Amino acid sequence: MTTPLVSLKDMLVVAPMFALLFMSLIPVMIKVFNGNKEPKPFVTVVYALLGVIVAGGLTASLAGMKHVAFSESIVFDGMAVWGSLLVLISGGFSLMLAYDHVETDGRQFSEQCFLMLGSMIGMLIVVMSNDLIVTFLGIEMMSLCLYILVAMSREHTLSKEAAFKYFVLGSFASAVFLYGIALLYGTVGSTQNPVVTAKVAELLANHNQLFYLGLAMVIIGFAFKVSIFPFHAWTPDVYQGASTPITAFMATAVKAATFIAILRLFQHADPATRSSFLAEPKFLSVLSWLAVLSMLLGNVAAVMQNNFKRILAYSSISHSGYLLVGVITAGFAERIESSLAATTVVLFYLFSYTLMTLGAFSLIGILEKQVGHSLTVDDLKGLASRSPVLAGALAIIMFSLAGVPPTIGFFAKFSLFGAAIEQNLYWLAFWGVMTSVVAVFYYLRPVVAMYMAEASETLVLRPAVLTRMTLVLTAIATIIFGLASSPVLEFVSESVLTRL
Amino acid sequence: MQAEFLFAILLLAPLIGFIINGLRWKSKNYLLAGSIATGAVAISFIAAVLVVMKLFGADAPKAVTVEYFKWMAVGGLEVPVAFVIDHISALMVLVVTGVGTLIHLFSIGYMSHDERPSKYFAYLNFFLFNMLLLILGENLLLMFVGWEGVGLCSYLLIGFWFSDKEKAAAGMKAFVTNRIGDAGFLLGIFTIFFLLGTVSFDEIISKVAGMPVEVGWSGPITLAALFLFIGAMGKSAQIPLYVWLPDAMAGPTPVSALIHAATMVTAGVYMIVRLSPLFILAPNALHVVAVVGAATAVFAATIGITQFDIKKVLAYSTVSQLGFMFLACGVGAFGAAMFHLVTHAFFKALMFLGSGSVIHAMHEEQDIRKMGGLKKYLPITHATFVVGWIAIIGIPPFAGFFSKDEILWKAFSSPLGHKGLWAAGVIGAACTAFYMTRLMALTFWGKPRFDEHKTHPHEAPPSMAIPLIVLAILSAIGGFMGIPHVIGEILPGHPGNWLEHWLAGSIAAPAGEAHGSAIMEWILMGISVSIAGLAALLAFSFYVIEPDRPKQWAARLPGLHRLLENKYFVDEFYFERIINPLVSGSKALWAFVDVNFIDRATFVVGDFVRGMGSTARTLQTGNMQQYALYISIAIALMFVYLLEGPKRLAELFGG
Amino acid sequence: MPINDALLNVGLSHYLILSALLFTLGLLGVLLRRNVIVILMSIELMLNAVNITFVAFSRYSPTANMDGQAMVFFVMTIAAAEAAVGLALATTIFKKFREVNIRYFEHLKG
Amino acid sequence: MLLSLIVFMPLVSAILISLLPKENWIRPTALFLGLAQFVVSLVLFAQYDPSTPALQLVEFVPWVPALGVSYFLGIDGISFWLVLLTTFLLPVVILGSWTAIDKKPKGFHIALFVLQTAMLGSFVAMDLVLFYVFFELSLVPMYFIVGIWGGTRRIYATTKFFIYTMLGSLLMLLAIIYLMFTAQEVLPAKQMTANILELYKLDIPFIAGQFLNPQTLLFFAFSVAFAIKVPMFPFHTWLPDAHVEAPTPGSVVLAGVMLKMGSYGFLRFVIPLFPEASEHYAWVFLFLGVVGIIYGALVAMVQPDVKKLVAYSSVSHMGYVMMGLFALNTYGVTGSIYQMLNHGISTGALFLLVGMIYERTHSREIEKYGGLAKVLPIFTILFFIVTLSSIAVPMTNGFVGEFLILLGAFEASMFFGSLAVIGVVLGAVYMLWMFKRMFFGEEGELVSDKKHPLHDLSLREMVVMAPLIVLIFWMGLLPNQFLQYSKVSVEHLVSTKDAYQLSIHTPQPESDAQLAFGMKFFKSVAQAPEAK
């Protein structure tokens with residue numbers, strides 16, 4: 001043990017978190033020293049965004065590096081870079097949405113920013129963690145902040161209910177997750193990802209029942225966070241109850257971070273052998289069922305919804321199903337190249353999902369005119385004539401979510417199903433396609449309302465500049481990164497290769 | 001002159017006439033329009049004569065062929081735009097352009113009061129162009145182009161007075177019925193093409209030359225022949241596709257004369273004669289042709305007896321005469337068929353024009369019950385009509401006698417013939433004589449049955465009279481082109497059968513010996529003429545001498561009378577059994593397959609998805625503990641599955 | 001293994017069974033109890049059950065792996081934080097709704 | 001670069017139109033741009049060499065190299081006329097919709113031009129993924145055209161249209177992916193590729209009589225996608241709904257071009273890629289083709305709505321196209337290509353005419369008309385000519401296509417060929433019956449309405465119809481002028497379909513440098529395996 005416990009490089013790796021922490025404290029400090037007087041929201045958001053940008057810059061500048069830090073409990077690699085960037089992008093945009101939003105621009109905005117940045121720190125930990133217990137810590141940090149954020153919506157009683165539900169179920173799932181970790185610890189002797197994955201083959205061969213159970217419970221813990229069926233039930237309720245910017249944040253950043261953690265668990269320990277636990281057909285079938293049911297339930301339930309946020313919640317469930325297909329492919333693939341290709345696809349899909357979801361929620365943010373207003377699809381009527389730009393942007397995003405080329409949503413699905421078919425997971429691909437058709441139906445409904453229905457009188461557009469910007473930017477990005485998906489994919493795939 | 005040039009004139013003259021009159025379709029100047037159209041056809045006629053002249057002479061070619069450009073060339077199918085005048089088409093082209101010119105001329109007077117004479121003449125010219133395509137086309141496809149083209153013009157001209165729904169319907173009926181035939185024709189073309197690899201008449205004939213005669217029904221040539229005959233049935237109004245022709249009388253009368261008597265309807269006969277070397281190889285097909293022809297001849301003639309519309313009588317007469325022609329084809333007497341085609345063109349055109357003159361004179365009255373005694377008002381029309389009448393009932397030496405008699409004789413004597421066919425022919429001829437005499441009697445003779453104070457029939461103007469006279473002359477002498485040998489021998493100078501000689505190289509003859517002797521021929525000739533004569537006399541006595549007798553007979557045989565008067569209820573049968581079920585069946589099909597099945601299936605899927613969606617929503621009770629329960633159940637199931645395997649899991653659910 | 005042997009020689013499995021029982025108890029509490037405070041307590045029970053597992057595994061590990069014991073501290077910290085947030089939320093909703101029965105909070109559904 | 005120019009000129013035009021400040025500038029500008037892209041497409045005549053079956057005017061740029069997806073355009077005898085038909089119809093449609101589209105003209109023309117790019121792109125894309133992208137993209141503008149400018153049930157119709165088509169094409173997507181991976185495994189380059197010329201080289205295992213083998217499954221996955229688009233019985237029910245609800249220009253483009261994307265797909269992809277399955281299951285398509293012909297005709301006959309009648313006639317006409325394709329011989333395939341053009345022109349013209357009368361009376365119910373011939377003589381003449389073309393009277397374009405198809409079908413199967421001939425009769429029945437009820441007889445309630453006297457066609461409307469009428473006769477009288485462009489390609493396809501290959505036509509040396517570079521690059525990819 002000649003290496004020091006903590007090296008300078010270790011600190012460099014976690015520097016983005018410190019940047020976030022530092023910046024998150026400033027507005028709160030100002031408030032405290034100013035006699036509990038809320039600073040100007042604009043100042044607050046600038047500080048917060050600054051933190052995000054600095055963190056993003058730091059992460060990006062470290063890209064290409066592979067480093068294992070803090071006694072192998074933190075790992076910094078390409079996947080971490082991508083995960084961090086996704087988290088920071090969605091966090092940054094969510095901050096912008098929050099700045100504009102009716103429910104969050106009140107007197108507690110500095111606290112809100114503090115919590116959002118804190119949650120992002122937790123996510124960064126999740127993304128970089130190399131140890132299940134660290135992952136647990138990260139998840140808890142992220143979640144605890146979110147519980148409060150959900151509850152913080154001003155004067156909105158439903159948000160309290162949502163927060164409490166989210167809290168109880170979240171803690172419940174955390175306990176399950178933790179129990180799983182404990183069982184893994186007991187059977188493997190360590191909670192470090194590489195150690196666990198290295199021993200998978202051996203333990204599976206022994207039919208170590210505790211290991212089976214532990215793994216199952218860990219998977220359930222993750223599945224809860226990304227709302228995989230049947231651990232999804234909180235999603236629509238919480239998405240509806242939370243204020244829209246927070247919902248956007250939850251839908252994108254949480255999902256991105258958690259899926260990275262899942263990928264780490266599913267990865268191959270040894271490039272030469274197929275060592276993921278998906279080699280065990282039972283796990284494969286369990287996960288396949290979860291994926292298929294999520295795709296099915298998410299899409300099918302959304303068909304009958306009218307509340308736009310709930311639609312997006314169900315859409316989020318189904319997208320988790322699609323992502324799980326990618327994850328399964330990554331774990332199932334025999335050759336390490338295929339596995340990495342599937343990992344790339346998952347990251348790419350996350351990227352596309354983040355863009356589209358942020359865009360969709362921004363539109364909701366613009367249209368929600370007062371506290372507690374629950375936006376339905378019918379409220380969109382006549383938007384096309386009121387604001388062609390916003391309507392066009394949302395239409396692009398909806399088509400992208402439905403997977404119509406040449407948007408990024410199409411290419412994400414294309415590469416995802418491609419990866420699945422390459423591994424002969426035809427049924428997963430087939431169900432993916434079939435449920436996509438169902439999805440088309442409800443993704444088209446907002447478009448129908450905006451363009452084809454009679455205009456409604458009550459349409460009020462708030463002049464939320466940052467939110468509008470977010471919507472338009474994401475829509476444009478949806479097209480541009482769709483057409484230029486190749487550079488993005490290559491970029492991701494190169495950075496994923498640093499894992500080796 | 002160059003053949004290419006002459007053919008171009010021949011074909012393009014009517015087309016140009018069509019275009020000129022078509023472009024000035026709003027004009028009401030009937031004289032100008034008529035002159036243009038008539039002139040165009042006359043030019044065509046002259047060009048035709050000039051081309052046909054090339055066929056005469058010692059070292060004259062057997063055919064004059066010109067080729068302009070490739071129309072279609074796909075794979076092995078090469079269709080040039082090529083035309084030919086040989087000994088068969090020469091006859092036809094002269095008849096069509098000649099009679100066509102006369103009818104155009106007649107039309108000028110006839111259409112003088114119409115609102116849209118330019119349009120009428122345009123259509124008429126266009127018809128002639130298509131008819132020429134049909135006749136002159138060197139291959140089946142080009143013939144088919146003309147074949148459909150004449151059908152189209154027929155449609156337009158039948159429905160010329162389209163404001164009348166009945167007339168528009170008649171046009172449609174004609175087109176659709178023809179289309180059924182055309183579909184058969186198409187199949188015939190396909191069969192021939194895949195059998196012989198060509199659609200050119202010349203090549204078809206040279207390729208089938210060495211082929212053996214087909215026995216049985218399923219040989220390709222038999223099939224092709226039958227398919228083509230379906231086409232001929234449609235165009236030439238044979239059972240069961242004859243129904244359009246009587247309705248086609250809705251068109252202007254000159255149209256009936258030109259299209260529905262003299263030219264277009266004979267296209268089927270022409271086509272079979274043209275392909276006689278092919279048909280002759282399929283005796284079974286020829287039997288079908290003969291039987292259908294004979295049946296039509298009798299069937300239509302019997303209907304003709306009871307009709308009261310002057311044009312309808314003539315129409316059924318046309319159907320019946322066409323039946324004679326097919327009878328001739330069917331017994332292998334293609335020359336006789338051509339002969340009858342030509343003479344029929346003369347006398348039937350004459351009679352239609354005559355009836356046009358009558359109708360014109362009677363102010364659009366067509367019911368012969370309201371005529372009578374027109375002889376004194378319309379002397380020229382009457383005189384010419386009489387010529388036609390004598391010709392059609394087959395009194396020597398008028399044209400009809402020679403051609404009809406040749407058919408009857410061949411039906412009896414040809415190797416493909418049969419006594420039954422001959423008998424049917426004689427019955428048909430007798431009926432013809434009867435209803436034609438009846439027509440004459442009711443229209444021209446006896447006492448006028450119209451109000452002579454109100455209606456003042458007047459004789460036709462010269463433009464209408466001249467065609468009548470010319471056609472009357474032709475009807476009188478036209479038969480001399482085909483004097484039977486038995487008669488020729490006893491005549492001074494021993495004139496041979498010119499027509500037979502002329503066609504000899506172009507048409508096929510059935511293999512085998514003809515049975516029957518010259519004496520037999522004389523006897524049969526005598527029988528048929530006398531039966532026809534008797535029938536005519538009977539009719540004369542019925543309708544002129546004792547005008548009450550028909551009613552008595554009708555009362556005595558009510559069933560037969562009703563059957564005949566209602567044209568054997570064929571139209572009703574078609575309507576009730578085919579058209580109505582088709583329409584209501586289609587509605588049901590639409591309602592059942594599209595609306596109730598395919599769309600329903602789509603809806604069922606949609607509703608299923610929706611139902612699933614609703615179910616999924618009911619899972620979302622809002623009860624947090626229930627959500628936790630889902631998680632717990634999932635954990636439990638996963639445990640059982642992972643530790644015990646799928647079987648245990650299934651047992652849990654009672655499986 | 002004779003029955004009294006299993007009773008007397010306390011080993012890893014005993015601790016594991018105990019923790020499993022406690023965990024199940026907590027789980028049932030979350031599922032069945034109506035009072036929000038009791039539900040919070042049940043969650044704590046689940047977390048503590050896990051702690052027993054960690055410690056037991058650590059104690060009986062052949063390599064004397066101490067990681068498990070360290071983890072318990074992490075867990076306890078998290079549990080404390082959770083309790084704080086949970087109670088805060090419970091207070092808030094009690095203030096809003098004047099209600100502690102969990103079945104009351106079913107406004108969000110469908 | 002010519003093909004790229006043709007494909008993307010409409011997209012640029014769409015952007016230009018979106019920048020126009022005044023509403024009354026939109027239509028003239030759109031017309032000008034539409035004519036311009038048609039004129040540009042005419043350059044094809046100069047650059048295209050009809051004497052070779054090889055792919056011409058090729059452009060090749062790698063797009064997503066990791067997946068072997070490239071921007072690969074090319075044209076041959078199969079797509080040549082479809083491209084021209086597409087560019088030809090656009091100005092016609094723009095002029096035809098001058099007054100029909102009275103709200104949001106800007107959005108409409110943008111949608112129209114974007115649609116144009118998508119359709120042209122799918123005809124010249126030689127990369128399966130690129131094709132798929134264009135193929136799907138075409139749904140979106142059409143979805144809006146029907147949904148925004150359509151009739152009362154437009155939302156139902158447009159959603160049905162979108163979901164039906166999407167369902168089919170997503171299955172095809174799976175098949176495309178599978179093919180790309182098969183190429184990676186099997187082809188010597190060991191590279192994933194969506195390049196259709198490379199995929200032609202695949203020999204996909206086929207077991208006759210069994211359903212679960214790769215070629216059969218792929219064949220049906222592709223076929224369903226295209227059959228829905230065509231639409232072939234029994235996937236046709238979206239079509240009448242879409243047509244009835246679509247605005248006139250939408251119907252014209254839908255019938256005129258979009259349906260052809262399906263039949264083109266069969267010709268370009270299904271038959272060459274899966275030759276054994278195509279041959280083995282040809283009877284299915286012949287059968288469904290016949291059913292489509294007869295069923296479409298029968299149902300068309302009893303439609304009370306003239307537009308729906310024309311829509312069902314499309315089902316019938318496309319049945320011919322399917323029969324011709326699966327006759328798998330020169331006559332049938334040539335006829336099908338010809339029939340695609342014919343249908344584009346005549347059905348397009350019919351929809352335009354129906355639109356014109358609808359603009360005057362706001363009704364499409366046949367029973368309310370009658371006696372139009374007297375009131376609107378020019379309209380009647382034009383309608384009649386188009387009717388003739390639709391029922392395939394010789395000397396109009398319809399005859400040539402139908403004749404060749406029936407000839408081909410008869411060769412392939414005497415039974416189905418003979419059955420299909422029934423369609424010839426029924427076609428005349430439904431069209432002429434409709435014509436009779438609308439134009440002949442006494443004047444109907446709409447026609448004799450003294451308050452709203454009907455006016456015959458305006459000059460603009462005549463100008464819209466003129467090119468269509470000219471083409472109807474031109475194609476009918478001189479078919480060889482058209483056929484010669486596709487002749488060699490079709491013969492190549494039919495004669496070598498079991499081992500179909502397309503080579504690249506070497507361009508002239510003076511052609512554009514970038515193109516030459518693309519060629520060189522492609523050749524290095526394409527020929528490398530042969531060298532080994």
Side-chain angles (χ1 to χ4, degrees), chain A residues 131-134 136-137 139-141 143-145 147-148 150-152 155-172 174-187 189-192 210 213-214 233-234 236-241 301 304-307 310, chain C residues 12-13 15-16 19-20 23 26-27 29-31 36 39-40 42-58 60-63 65 67-68 70-72 74-75 77-79 81-86 88-90 92-97 102 104-110:
Chain A
D131 193 317
L132 282 171
I133 204 77
V134 177
F136 174 72
L137 289 179
I139 285 184
E140 281 306 310
M141 180 156 183
S143 303
L144 286 173
C145 294
Y147 300 147
I148 305 170
V150 172
M152 264 177 77
E155 300 301 319
H156 186 175
T157 51
L158 285 183
S159 73
K160 308 293 184 285
E161 181 186 327
F164 194 72
K165 274 184 184 172
Y166 190 25
F167 170 76
V168 172
L169 289 171
S171 311
F172 182 75
S174 290
V176 174
F177 183 57
L178 196 62
Y179 199 30
I181 295 176
L183 292 180
L184 285 188
Y185 168 73
T187 46
S190 164
T191 51
Q192 283 181 353
L210 285 183
L213 299 184
W234 60 275
D237 294 358
V238 175
Y239 277 25
Q240 188 190 346
M304 294 303 288
Q305 266 300 338
N306 204 27
N307 184 315
R310 285 187 92 87
Chain C
L12 177 59
S13 30
Y15 290 105
L16 291 186
S19 79
F23 190 84
L27 191 143
V30 174
L31 289 186
V36 290
I39 288 176
L40 290 181
S42 302
I43 288 172
E44 290 301 309
L45 191 58
M46 290 168 82
L47 288 175
N48 282 321
V50 177
N51 278 346
I52 292 177
T53 315
F54 269 122
V55 174
F57 273 130
S58 177
Y60 285 93
S61 100
T63 54
N65 190 331
D67 289 0
M71 281 169 201
V72 172
F74 284 121
V75 177
T77 325
I78 294 290
E82 259 184 16
V85 171
L89 284 174
T92 322
I93 62 167
F94 182 72
K95 271 190 197 157
K96 275 269 179 255
F97 297 102
I102 193 72
Y104 180 77
F105 305 105
E106 291 178 12
H107 301 96
L108 289 160
K109 62 182 176 189

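In what follows, chains carry the letters A, B, and so on, assigned in the order in which the sequence lines appear, proteins first and then strands, with residues in each chain numbered from 1. Small disclaimer: the values here were computed from a predicted structure and weren't measured.
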Separation between CZ (A:F136) and CD1 (C:I78), nearest 0.5 Å, reads 5.5 Å
On a heavy-atom basis, the closest approach of C:E106 and A:K165 is CA-NZ, 4.5 Å
query: Can any side-chain N or O of A:Y185 pair as donor or acceptor with the backbone N or O of C:G68 at less than 3.5 Å?
result: yes
Under 4.5 Å to a heavy atom of chain C? For A:I133 that would be side chain
Heavy-atom closest pair (C:V85 atom, A:L144 atom, distance to 0.1 Å) is CG2-CD2, 3.8 Å
Exercise for the section: Give a yes or no on whether C:Y15 atom OH has more than 12 heavy-atom contacts from other residues, nucleotides or ligands under 6.0 Å away. Expected result: no
Max heavy-atom pairs within cutoff under 4.5 Å with chain A, candidates C:T77, C:L40, C:V30, C:L47, goes to C:V30
Distance col, row C:L89:CG vs A:F167:CZ, nearest 0.5 angstrom, shows 6.5 Å
Between A:G189 and C:N65, the two heavy atoms sitting closest are O-ND2, 2.6 Å
If one checks every heavy atom of A:V176 against chain C at 4.5 Å, the contacting part turns out to be both
The interface call for A:I181 against chain C, heavy-atom contacts under 4.5 Å, is both
message = Tell me whether the rings of C:F23 and A:Y179 are parallel (<30°), tilted (30 to 60°) or perpendicular (>60°).
response = parallel
The interface call for C:S19 against chain A, heavy-atom contacts under 4.5 Å, is both
